[in-house]
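Data first, discussion second: the structure below is written as structure tokens.
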Amino acid sequence: MGRPVFFIASEMFPFAKTGGLGDVLGALPPMLSRIGVNVSVILPFYRLTNNRHKTQQIYSRVPVGYPWAPITADAHKIIFNGMPVYFIERAEYFDRAAYYNTHKGDYFDNAERFIFFCRAALALIRNLGEPPSVIHCHDWQTGLLAAYLEHYRQIDPFWNDTRSMFTVHNLAFQGRFSSRLFDNCGLPDEAWNMDGVEFFGDLNMLKAGLNYASKITTVSPSYAEEILTPEFGYGMDGVLRRRANDLSGILNGVNYSIWSPEISRYLPRHYSAGDLSGKRVCKEALLTELDLSPHLLDRPVFGFIGRLREQKGIDVLYGILPQLMRHDIGIVVLGEGDAKFEETSQRFALEYPGRYASIVKYTEALAHRVQAGCDSFLMPSRYEPCGLTQMYALRYGTPPIATAVGGLRDTITSWPDPQATGFTFDECSGEQLLEAVLTAMHLWEDSPDLWREMVLRAMKMDFSWERSAASYIKIYEELEGRSFKRKYW
Ligand code: ADP
């Protein structure tokens with residue numbers, strides 16, 4: 001089994017999920033565990049987790065250390081897919097209605113919540129007693145942990161042989177806070193510089209991960225290249241270029257034991273590449289469920305599932321919606337996000353009754369039914385670190401229409417390539433999106449055989465986690481074999 005590898009993250013399906021990060025944590029650690037890696041996960045103990053899962057309390061009042069000396073954490077444990085998952089409990093931080101924000105905005109104390117979480121995660125590992133070989137952190141919420149590890153290594157030999165790895169699931173979310181919160185971190189003063197946690201006078205937790213982790217990965221090869229440029233680097237391209245030798249892109253996988261039309265428990269009828277008849281049943285049921293006109297059964301229906309934010313190009317889709325609706329098509333939008341986009345979606349539903357369905361709610365079950373019941377999937381993202389929904393759409397026989405960026409570029413072969421599995425366009429613009437949707441519509445109308453062949457090719461694409469897990473293991477092995485040379489304090 002080897003020395004432990006700890007995943008530290010703010011989400012993991014089915015315990016906590018707001019997007020792709022949750023899906024990745026729900027699939028990658030169990031896959032690594034199945035392969036034989038000694039893997040554990042540490043998560044915050046959110047109210048939503050507590051309400052739905054039965055955990056066992058294993059520690060109470062573990063001190064999390066300076067400057068939090070009087071502050072302690074409780075820890076819970078559950079065995080999930082044969083692997084331990086630990087939860088850090090502290091009611092004042094995590095016993096809340098949501099994970100990071102409400103409709104009014106981010107929780108005011110997010111910095112404090114995740115400083116606490118990082119310190120408590122390390123305190124828990126220290127208490128468990130076996131030094132890990134790798135601590136694998138994810139996104140800004142756990143970026144500081146890499147800095148703490150370097151700091152602790154100077155004062156506690158327990159951490160001598162522990163390396164950190166930082167995976168960026170989205171570079172745009174950085175955990176940027178006022179400089180005065182640096183004092184709350186309990187890091188040495190030396191960390192307050194450009195090669196540490198400071199970013200234009202602010203505390204930046206993502207930057208801590210980028211600067212201090214032994215290795216950095218992101219979730220697709222194309223995104224790993226794009227983030228080295230100012231256009232996609234969100235101010236971090238310089239830091240990333242400096243660390244380019246330690247940066248790589250590993251494409252996310254799909255958990256086909258959940259996301260598959262052959263077994264999904266949310267569909268009215270299963271189907272497969274061998275027998276597509278169930279897909280039509282799913283479409284008919286979706287039209288009924290969403291109050292859409294029954295005649296759309298014989299017209300193309302396009303689906304969108306995602307956070308309603310500019311990243312996802314939802315504004316671009318709305319911009320061309322009136323032009324699209326001049327054609328006899330249906331559109332389904334499942335998503336929650338910025339209030340202004342939620343309102344627009346509701347407005348379109350009133351304007352195009354029977355042809356436009358808007359569901360502004362996070363509904364996992366409906367996500368499966370939209371994937372299955374639509375003919376094509378819309379994903380006009382401005383940038384996309386990996387994107388999972390287009391891979392789900394491929395497996396559900398719902399060819400995606402997407403911008404050729406990041407993971408979308410790495411997973412979709414565009415029409416008219418003979419191997420096409422969908423439609424991509426270069427830039428997230430209304431013009432290009434409109435053209436791509438109309439191309440798809442015409443192909444659907446005029447060449448049902450070609451469409452069907454594309455659907456079958458899409459369904460046969462294989463993005464299972466085995467391949468990605470092997471790439472992660474390679475990096476863990478590299479880290480274990482490497483003596484630690486970088487020194488900060
Ligand atoms: P991101 O991580 O940027 O949100 P991904 O495509 O990587 O995007 O992953 C999104 C995940 O979140 C998918 O599992 C998708 O089905 C799910 N999802 C997003 N919005 C919703 C929603 N409103 N209802 C149900 N599932 C959603």
Side-chain angles (χ1 to χ4, degrees), residues 9-14 16-28 98-101 103 138-141 167-173 218-220 222-223 232 234 249-261 264 266-267 286 289-290 303-314 332-339 341-342 345-346 357-374 377-396 398 400 402-403 405-412 422 428 463 465 468:
S10 58
E11 296 182 26
M12 174 183 187
F13 183 81
K17 166 176 162 178
T18 69
L21 173 66
D23 281 349
V24 172
L25 266 286
L28 175 58
Y99 299 112
Y100 314 120
N101 55 279
H103 262 106
H138 299 265
D139 276 355
W140 72 264
Q141 293 87 346
T167 296
V168 178
H169 297 258
N170 194 332
L171 197 67
F173 299 103
T218 187
V219 287
S220 71
S222 285
Y223 193 58
F232 291 97
Y234 275 86
I250 301 175
L251 194 70
N252 281 337
V254 175
N255 188 346
Y256 289 121
S257 65
I258 294 176
W259 292 97
S260 167
S264 168
Y266 302 115
L267 302 185
L286 184 73
E289 180 176 359
L290 300 180
F304 174 101
I305 302 172
R307 292 174 291 111
L308 300 185
R309 299 189 66 143
E310 274 167 12
Q311 177 202 336
K312 301 289 179 185
I314 187 68
V332 176
V333 172
L334 167 61
E336 55 180 50
D338 292 356
F341 295 138
E342 292 185 355
S345 192
Q346 306 281 36
S358 159
I359 311 99
V360 286
K361 217 169 122 202
Y362 188 92
T363 329
E364 187 85 6
L366 195 50
H368 287 251
R369 291 199 286 277
V370 172
Q371 291 278 10
C374 291
F377 188 78
L378 299 168
M379 205 154 170
S381 305
R382 287 191 163 77
Y383 68 92
E384 197 56 72
C386 177
L388 293 170
T389 41
Q390 85 281 10
M391 294 197 260
Y392 302 158
L394 290 167
R395 179 49 61 111
Y396 280 68
T398 311
T403 328
V405 287
L408 299 172
R409 182 148 66 106
D410 294 341
T411 52
I412 304 166
C428 171
F463 296 107
W465 271 106
S468 319

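Being a predicted model, the structure only gives us computed values, none of them experimental. In each ligand, atom 1 is the first atom listed, and ligand 1 is the first ligand listed.
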#### Entry: Minimum heavy-atom distance Ser260-Arg395, with the two atoms named
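That would be CA-CG, 4.3 Å.
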
### Task
Indicate the atoms forming the closest heavy-atom contact of Leu171 with Tyr234, along with that distance.
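Looks like O-CB, 4.1 Å.
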
### Backbone of Gln141 reached by a side-chain donor or acceptor of Ser10 within 3.5 Å
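No, Ser10 side chain to Gln141 backbone: no donor-acceptor pair under 3.5 Å.
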
### Query
Regarding Glu11 and Tyr100, is there a side-chain donor-to-acceptor distance under 3.5 Å anywhere?
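Yes - a donor-acceptor pair under 3.5 Å links their side chains.
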
### Query
Do Gln311 and Ser381 have side-chain N/O donor and acceptor atoms under 3.5 Å apart?
no

Out of all atoms in ligand 1, which are within 4.0 Å of some heavy atom of [X]? Include the element for each.
| X | answer |
| --- | --- |
| Gly335 | 23 (N) |
| Gly387 | 6 (O), 7 (O) |
| Gly306 | 19 (C), 20 (N) |

### Query
With sequence neighbours excluded, what pairs up with Arg309 under the salt bridge (charged side-chain N to carboxylate O under 4.0 Å, His left out) test?
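Applying salt bridge (charged side-chain N to carboxylate O under 4.0 Å, His left out) to Arg309 gives none.
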
Give the residue, atom name and distance (to 0.1 Å) of the protein heavy atom nearest [atom].
| atom | result |
| --- | --- |
| atom 5 (P) of ligand 1 | Leu388 N, 3.6 Å |
| atom 14 (O) of ligand 1 | Asp23 OD2, 2.5 Å |
| atom 2 (O) of ligand 1 | Gly20 N, 2.6 Å |
| atom 18 (N) of ligand 1 | Tyr362 CE1, 3.5 Å |

### Query
Out of Glu384, Arg307, Glu364, Lys312, whose heavy atom sits nearest atom 8 (O) of ligand 1?
Lys312

Hey, is [X] one of the residues with a heavy atom under 4.0 angstrom from ligand 1?
| X | result |
| --- | --- |
| His169 | no |
| Cys386 | no |
| Tyr392 | yes |
| Gln390 | no |

### Pair Arg369 + Glu289, salt bridge at N-O below 4.0 Å
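Looking at Arg369 and Glu289, the cut-off is met.
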
### Message
With a 6.0 Å cut-off on the ring centroids, do Tyr392 and Trp259 count as close?
### Response
yes

### Query
With a 4.0 Å heavy-atom cut-off (strictly under), which part of Thr363 contacts ligand 1: side chain, backbone, both or neither?
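Backbone only; the side chain of Thr363 stays clear of ligand 1.
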
### Query
Taking non-hydrogen atoms only, is Thr389 closer than 4.0 angstrom to ligand 1 via side chain, backbone, both or neither?
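It is both backbone and side chain that touch ligand 1.
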
### Query
Looking at side-chain heavy atoms only, is the closest gap between Glu364 and Phe13 below 4.5 Å?
yes

